[in-house]
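In each ligand, atom 1 is the first atom listed, and ligand 1 is the first ligand listed.
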Amino acid sequence: MSANPVVGIVGAGLMGHGIAQRFLSAGFTVNLYDPSEDALIEAKQQIPVIFNLLGQTDNSGDRLTCFTTLQPAVEDASLVIEAGPENIDVKRQIFSDLCQYTSKDCILATNTSAIPIANIAEEQVKPERIVGAHFWNPPHLVDLVEVIQSRFTDAQVVEETIAIFNRAGLKAVHVKKDIPGFIGNRLQHAMKREAIALVSNGVCDADTIDEVVKHGFGKRLAVLGPLEQSDMVGLDLTLSILSTIYPDLDNSQVPQSLLQDKVAEGKTGMKTGEGFKRWTKASAQQLKQRVQEHLIRAQLQKHSEN
Ligand code: NAD
């Protein structure tokens, strides 16, 4: 990979423009492609807003170029990150075009949330160059990227992808198997399964679940992972606790009826005013704002420590 690689980003929506800002902020040249002119205009307006939010000077200058046709956006790229719609047919078509338009050494990464990487890579002409790169929302404030190796992906492609992401100030980790939910979402949703079961079984209400997480173990999660915590308290104690509670933990194989019924009744959360809790426009906006401010503070603290 060249010393100053060009990063092509396919899709300039919610994820694409945040990913673009990440790479611009780290000094990379970014080519941003979207078939929608409006999406590109919006992205060009939002990128300086992110620099400003983070207290950074926008020094991207002429390192950002926007394109409404794919080939010129990716033909000189060393890495392309696809952040287009979450639709297997659309992604297969994008990767078929990318295989045709990019150089033989270009890394082709997909930011799919849930589609197995092998399902996108199979039947492409360069499946070994295709890797998963699961960013978290918002990508300009959350450092983690899960780099997923499919059964087709060349090990060196994984290594180079991780190296370039880390150079961009991200925290890249290697997911060695192409499994649904990768790592982060499996952990997050394992907790959600138990949370919904506790409410369904009348142990507590939804507010109590969130209080327990936010005021309890959630307080330390940003500095203490679950396995570090196990080592800290001792694996003997961990074994004893798990032996008692594993048989009692929820093991539903389909989403519980509490969730299914709410969705059937149109109670889908903040967007309809009710989900597990009731929301007004103002209370929903307040919470979104608190999350953003929290993530910005964490990011600013990280920069001040570096
Ligand atoms: P989005 O709808 O905000 O953006 C998608 C963009 O793709 C739009 O700007 C659209 O114009 C563009 N597009 C449409 N057709 C295209 C095509 N053929 N080629 C290229 N671009 C095309 O979606 P998003 O939330 O940014 O999600 C993008 C990808 O990232 C999805 O695969 C999604 O599952 C994944 N992802 C999303 C999140 C999240 O929280 N939103 C988190 C992680 C991963």
Side-chain angles (χ1 to χ4, degrees), residues 7-23 30-47 49-50 64-75 77 79-102 106 108-121 124 130-148 150 161 165 170-173 175 178-189 192 268-271 284 287-288 291-292 295:
V7 178
I9 297 174
V10 174
L14 184 68
M15 297 302 288
H17 84 272
I19 296 169
Q21 190 277 338
R22 272 280 182 177
F23 282 92
V30 173
N31 289 347
L32 185 56
Y33 160 76
D34 200 294
S36 156
E37 185 99 48
D38 287 348
L40 291 170
I41 291 169
E42 176 69 14
K44 273 215 273 201
Q45 282 168 355
Q46 286 307 313
I47 288 170
V49 173
I50 299 174
L64 172 66
T65 314
C66 292
F67 297 83
T68 49
T69 43
L70 182 62
Q71 184 168 0
V74 298
E75 60 193 358
L79 165 68
V80 175
I81 301 166
E82 174 273 321
E86 185 73 358
N87 172 304
I88 178 77
D89 296 326
V90 174
K91 289 202 191 291
R92 279 188 177 143
Q93 184 57 52
I94 292 172
F95 277 84
S96 164
D97 293 340
L98 288 175
C99 286
Q100 192 188 334
Y101 298 147
T102 54
C106 182
L108 304 175
T110 171
N111 183 40
T112 175
S113 298
I115 301 170
I117 312 308
N119 290 9
I120 298 170
Q124 303 288 358
I130 298 175
V131 67
H134 182 238
F135 287 75
W136 287 66
N137 182 30
H140 47 279
L141 296 178
V142 182
D143 291 340
L144 182 70
V145 192
E146 294 168 283
V147 176
I148 303 111
S150 88
T161 309
F165 285 164
L170 293 153
K171 177 75 199 163
V173 299
V175 183
D178 189 8
I179 52 170
F182 316 131
I183 299 172
N185 268 326
R186 289 176 83 96
L187 292 170
Q188 182 170 234
H189 292 287
K192 217 170 267 190
T268 53
M270 289 183 182
K271 59 189 167 195
L287 183 54
K288 287 178 187 167
V291 173
Q292 170 155 299
L295 294 174

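Using a distance-only test at 3.5 Å, with no hydrogens or angles considered, a donor-acceptor pair links the side chain of E146 to the main chain of I183. A donor-acceptor pair is defined here as one N or O able to donate and one able to accept, closer than 3.5 Å; no such pair exists between the side chain of D34 and the backbone of A39. A donor-acceptor pair is defined here as one N or O able to donate and one able to accept, closer than 3.5 Å; no such pair exists between the side chain of E75 and the backbone of Y101. E86 contributes no side-chain N or O that, together with a main-chain N or O of T112, makes up a donor-acceptor pair within less than 3.5 Å. No donor-acceptor distance shorter than 3.5 angstrom exists from the side chain of E37 to the backbone of T68, with no hydrogens or angles considered.
Scanning the protein for heavy atoms near atom 9 (O) of ligand 1, the closest one is D34 OD2, 2.7 Å. Regarding atom 19 (N) of ligand 1, its nearest protein heavy-atom neighbour is I94 CD1, 3.4 Å. In terms of protein heavy-atom proximity, atom 43 (C) of ligand 1 is nearest to F135 O, 3.2 Å. Scanning all protein heavy atoms for the shortest distance to atom 36 (N) of ligand 1 gives S113 OG, 3.2 Å. The protein heavy-atom contact nearest to atom 21 (N) of ligand 1 is P35 CD, 3.4 Å. If you check which protein heavy atom lies closest to atom 13 (N) of ligand 1, you get P85 CD, 3.6 Å. Among all protein heavy atoms, the one lying closest to atom 40 (O) of ligand 1 is N137 CB, 3.2 Å.
Residue contacts with ligand 1 for Y33 involve side-chain atoms from C-beta outward but no N, CA, C or O (heavy atoms, distance under 4.0 Å). When non-hydrogen atoms are compared, ligand 1 lies under 4.0 Å from the side chain of H134 (C-beta onward) but not from its backbone. Heavy atoms of A39 found under 4.0 angstrom from ligand 1 belong exclusively to the side chain.
The aromatic rings of F135 and F165 sit perpendicular, their planes meeting at an angle over 60°, well past the 30° parallel limit.
In this structure, of K91, M15, E86, E42, the residue bringing a heavy atom nearest to atom 38 (C) of ligand 1 is M15. Residue A83 holds the heavy atom nearest to atom 5 (C) of ligand 1 of all those in A43, A83, P139. The option with the heavy atom closest to atom 28 (C) of ligand 1, from among A114, G13, G84, is G84.
Atoms of ligand 1 found under 4.0 Å from any heavy atom of L14 (numbered from 1 in listed order, with element): 3 (O), 25 (O), 26 (O), 41 (N). Residue V90 has at least one heavy-atom neighbour below 4.0 Å for each of these atoms of ligand 1: 18 (N). Under a 4.0 Å criterion applied to the non-hydrogen atoms of V10, ligand 1 contributes the atoms 20 (C).
Under the 4.0 angstrom criterion, atom 2 (O) of ligand 1 counts as lacking any protein heavy-atom contact. Checking atom 23 (O) of ligand 1 against the protein gives no heavy-atom contact under 4.0 Å.
Where the criterion is an N or O separation shorter than 3.5 Å, residue side chain and backbone included, N111 meets it with respect to ligand 1.
The side-chain heavy atoms of P139 and H17, taken from C-beta on, include no pair separated by under 4.5 Å. Using a 4.5 Å heavy-atom threshold, the side chains of S150 and I130 count as separate. Taking the side chain as every heavy atom from C-beta outward, C106 and V74 never approach each other to under 4.5 Å. Within the 4.5 Å cutoff, side-chain heavy atoms of Q188 are placed close to those of N185. Between V142 and N137 the shortest side-chain heavy-atom distance does not fall below 4.5 Å.
The closest side-chain donor-acceptor pair between Q93 and D89, if any, does not fall under 3.5 angstrom.
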